[in-house]
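In what follows, a structure is listed as structure tokens, so that the remarks can point back to it.
The figures that follow rest on heavy atoms only: side chains count, while hydrogens, waters and symmetry mates do not. Each ligand, and each atom within it, is numbered from 1 in the order the structure gives.
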Amino acid sequence: MTNVKKKLHIRTYGCQMNVYDSERMAEALAQAGYEETDSPDAADMILLNTCHIREKAAEKIYSELGRYKGLKAARPDLRIAVAGCVAQAEGEEIIARQPLVDLVVGPQAYHRLPELVARVEAGEKALDTDFPEEDKFDHLPARSPRRARPAAFLTVQEGCDKFCAFCVVPYTRGAEASRPPARILAEARALVVRGVREITLLGQNVNAYHGAGEGGSWSLARLIRALAEIEGLERIRYTTSHPNDMSDDLIAAHGECAKLMPYLHLPVQSGSDRILKRMNRGHTAESYVRLIERIRAARPDLLLSGDFIVGFPEETEEDFEATLDLIRAVGYGQAYSFKYSPRPGTPAAERDQIPEQVKSERLTRLQALLAEQQAAAQAAMVGREVSVLFERAGREPGQVAGKSDYLHAVHVVAPGLAPGDLRRVRITESLPNSLSGVIV
Ligand code: 5AD
Ligand code: SF4
């Protein structure tokens, strides 16, 4: 090749959907002549794919941008782009506050990146935070034929109509929208050709999936069953879900579809009905516990994961203890927990706030309980046989690491095994954040 490729450095913050979006943006920009680099110093363009879900996300992005001042002064041709949910939430404010930014693009406008980048290369500033009518994925290039890692993400749904009182997603990602099943199936088949054996279906509210396909609207369960027909695809997962969209056919799929892995991330946020109501969650603690019972009836070995928020406005000690009670009643194999963080523009941000120190103290107690449950769930794996999809070489010589059906990190010493191999493993030891075992 005679023409020198321009270099693109992407930094991804936040959720798995941003990881997926970053890959797709890299592919779109590959068509505009960019190739990825790990080094910001070598880059012609730096792209920050940002997250706005918690904390002072915008402030972190501004301080990160500040660090590029020196680089930009040394190389005025360096272009700086901000994508993701901070871009959507802040819009042109970003360029006003940090003039070294050349391009601001919201998550629904990524298909317009090549055009926006062309404007930026011509010396203009470019901003696009529209929510267009068309599906951005229809206009992004097909996934590149590069050999993929054995486990891949695939976005099937975006946005959310639930409007939980703490959450920015309905504002930054927009209304709930599902991709057509035919496109998803084609993308999944292409991934399998590239060596992918496990696909995690992504969506902010993925179990609300309702893509327009053959015979009308497809549910997530129908999509999973169709994906399970793809030869060479061995494992299917999905994340993240809302309890109220856990339909009967999806619950049944957990019992019937062998490729659907026995792991479910089903956030409840709080165990107090009063707080759940103030959060606008649309369910009670009791209805959630009943739901979990029904899912476990379909798939008794299911490993459950969740999200919890402590210190939501008006949360009393009693409300908080109700959350601990719910955790004890349900039993989580793994979970994420956060201090409530007021997000500008959301209803709960306007309410009286709980002192930081109370939030911290509750988070410590909650995390101690969750850590206990996680350790117990891991210890219960010792002696059991699980299947492991190996994804990479481990730290020690001859070691390979991968994920079990239950999404536990597992490593074994087995020279000769390669990424993409799927093997039965007997678990021999539970370590702080992983399991070790031997090939059966
Ligand atoms: N403060 C704290 N946690 C939040 N989450 C979403 N918004 C907030 C907020 N404002 C958490 C929820 C959600 C997860 C992705 O992030 O638990 O399920
Ligand atoms: Fe946010 Fe999830 Fe609630 Fe939607 S369901 S508003 S994404 S927390």
Honestly, is Arg24 close enough over Tyr110, meaning NZ or CZ under 6.0 Å from the six-membered ring centre and within 45° of the axis? no

Is it the side chain (CB and beyond), the backbone, both or neither of Phe338 that lies under 4.0 Å from ligand 1, heavy atoms counted? side chain

Numbering as shown, the atoms of ligand 1 that approach Gln269 to under 4.0 Å (heavy-atom distance): 12 (C), 13 (C), 17 (O), 18 (O)

Going by the order shown, which atoms of ligand 1 are within less than 4.0 Å of some heavy atom of Arg343? 10 (N)

Counting heavy atoms only, which part of Lys339 comes closer than 4.0 Å to ligand 1: side chain, backbone, both or neither? backbone

So does Asp38 have more than 12 non-hydrogen atoms from other groups sitting under 6.0 Å from CG? no

Are there more than 12 heavy atoms of other residues, nucleotides or ligands under 6.0 Å from atom NZ of Lys125? yes

Just by distance, no angles: are the side chains of Glu315 and Tyr340 close enough, under 3.5 Å, to form a donor-acceptor pair? no

Does CD belonging to Glu293 count more than 12 external heavy atoms closer than 6.0 Å? yes

Nearest-neighbour protein heavy atom for atom 10 (N) of ligand 1, which is reported as residue plus atom name and distance: Ser341 O, 2.8 Å

Within the 4.0 Å heavy-atom shell around His242, which atoms of ligand 2 are there? 5 (S)

Is Glu317 atom CD crowded by more than 12 heavy atoms from other residues, nucleotides or ligands, each under 6.0 Å away? yes

Crowded around Glu92 CD? As in, over 12 foreign heavy atoms under 6.0 Å? no

Heavy-atom check, side chain of Ile53 versus side chain of Phe338, under 4.5 Å: no

Nearest protein heavy-atom contact for atom 7 (N) of ligand 1: which residue, which atom, what distance? Phe166 CD1, 3.3 Å

Intermediate values then yes/no, side-chain hydrogen bond (donor to acceptor under 3.5 Å, both in side chains), Glu90 and His52: CA-CA 10 Å; Glu90 298 269 299; His52 204 232; 4.9 Å; no

Please tell me if the side chains of Ile327 and Gln373 come closer than 4.5 Å, counting only heavy atoms from C-beta onward. yes

Indicate yes or no: at least one non-hydrogen side-chain atom of Glu234 is less than 4.5 angstrom from one of Glu198. no

Is there at least one pair of N or O atoms, one from Tyr340 and one from ligand 1, spaced under 3.5 Å apart? no

Ligand 1 and Asp307, any nitrogen or oxygen pair closer than 3.5 angstrom? yes

Does Pro342 reach ligand 1 with a nitrogen or oxygen that is under 3.5 Å from one of the ligand's nitrogen or oxygen atoms? no

With 2.8 Å as the limit, jot down which protein N, O or S atoms are around atom 1 (Fe) of ligand 2. Cys167 SG

Among all protein heavy atoms in this structure, tell me which lies nearest to atom 16 (O) of ligand 1, with the distance rounded to 0.1 Å. Arg54 NH1, 2.6 Å

Taking the side chain as every heavy atom from C-beta outward, state whether Leu227 and Leu185 have any pair of such atoms under 4.5 Å apart. yes

Among Thr346, Ile53, Val310, Thr240, which residue places a heavy atom closest to atom 6 (C) of ligand 1? Ile53

